[in-house]
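Step one of this worksheet: look at the structure below.
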Amino acid sequence: QVQLVETGGGLVQAGGSLRLSCAASGRTYSSYAMGWFRQAPGKEREFVVAISWSGRSTYYADSVKGRFTISRDNAKNTVYLQMNSLKPEDTAVYYCAAKSTAQAMSISTSRGPYDYWGQGTQVTVSS
């Protein structure tokens with residue numbers, strides 16, 4: 001089992017920044033690819049960004065490319081999402097997810113392969 005806890009959400013004005021953290025506990029964290037997803041009211045949960053367990057492979061949704069940066073610190077069992085130039089359309093509950101994998105470069109952009117999910121953290125961007 002892996003437990004994931006997201007922190008760092010909040011209210012920010014358009015153009016501002018936030019840094020989300022996802023702390024993992026439980027089984028060997030470093031063998032998990034990690035992803036961030038978000039869900040706005042009335043919409044389906046959508047992919048934001050993913051990172052391989054090695055940290056050498058990342059993939060971003062077009063909507064956040066150039067504004068968001070994912071990173072991970074396996075020694076601290078934590079993955080981060082730095083969000084800059086935030087827009088009102090970034091408003092959502094942000095979830096981190098973990099996917100067990102034996103492949104150092106493996107990532108996934110769809111929800112299905114992820115084994116564990118956090119409870120989510122609210123991000124609200126005002127215009």
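Hydrogens, waters and symmetry mates play no part in the numbers below; they use all other heavy atoms, side chains included. One is the number of the first residue; the rest follow in order along the sequence.
- Heavy-atom minimum distance, Met34 versus Ala98: SD-CB, 3.6 Å.
- Note: Tyr32 and Tyr116 have perpendicular aromatic rings, judged against thresholds of 30 and 60 degrees for the angle between ring planes.
- Taking the ring centre of Phe37 as origin, the terminal cationic atom of Arg111 falls outside the region bounded by 6.0 Å and 45° from the ring axis.
- To the nearest 0.5 Å, the span separating CD on Glu44 from CD on Gln39 amounts to 8.0 Å.
- Listed here is the closest heavy atom pair of Ser52 and Arg72: O-NH1, 2.9 Å.
- When each of Val93, Leu81, Val64 is tested with Arg38 by the rule side-chain contact (heavy atoms from CB on, under 4.5 Å), just one qualifies, namely Val64.
- The CZ atom of Phe68 sits 8.0 Å away from the CG atom of Leu20 when rounded to the nearest 0.5 Å.
- Between the side chain of Thr124 and the main chain of Thr91, no donor-acceptor pair closer than 3.5 Å is present.
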Side chain to side chain contact (heavy atoms under 4.5 Å, CB included) evaluation trace for Trp36 with Met83:
CA-CA 12 Å; Trp36 285 96; Met83 305 186 295; over 6 Å; no
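- Both Ile107 and Tyr95 are assigned to one and the same hydrophobic cluster, defined by single-linkage of ILVMFWY side chains at heavy-atom distances under 4.5 Å.
- Here the closest non-hydrogen pair linking Ser127 and Ala14 is CA-CB, 4.4 Å.
- The structure places OG of Ser100 at 6.0 Å from CG of Asp115, a figure rounded to the nearest 0.5 Å.
- Heavy atoms only, all atoms of each residue included: Leu18 and Gly8 are closest at CD2-O, 3.8 Å.
- With hydrogens and angles ignored, the 3.5 Å screen pairs no side-chain donor or acceptor of Glu6 with any backbone N or O of Thr121.
- We find that Lys87 and Asp90 are not joined by a salt bridge, their nearest charged nitrogen and carboxylate oxygen being 4.0 Å or further apart.
- Distance check: Tyr60 OH to Ile51 CD1 gives 7.0 Å after rounding to the nearest 0.5 Å.
- Within 6.0 Å of atom NZ in Lys43, 12 or fewer heavy atoms from other residues, nucleotides or ligands are found, so the atom counts as exposed in its surroundings.
- Taking the six-membered ring where tryptophan is involved, the planes of Tyr59 and Phe47 are tilted, since the angle between them lies from 30° to 60°.
- The two residues Pro113 and Lys99 have their closest heavy-atom pair at O-CG, 3.5 Å.
- Distance alone, capped at 3.5 Å, places no donor-acceptor pair between the Gln119 side chain and the Val5 backbone.
- A pairwise comparison of heavy atoms in Leu4 and Ala24 identifies CD2-CB, 3.6 Å as the closest pair.
- At least one donor-acceptor pair under 3.5 Å links the side chain of Tyr114 to the backbone N or O of Ser108.
- Val48 is not connected to Tyr80 by any chain of hydrophobic side-chain contacts under 4.5 Å among Ile, Leu, Val, Met, Phe, Trp and Tyr, and they are in different clusters.
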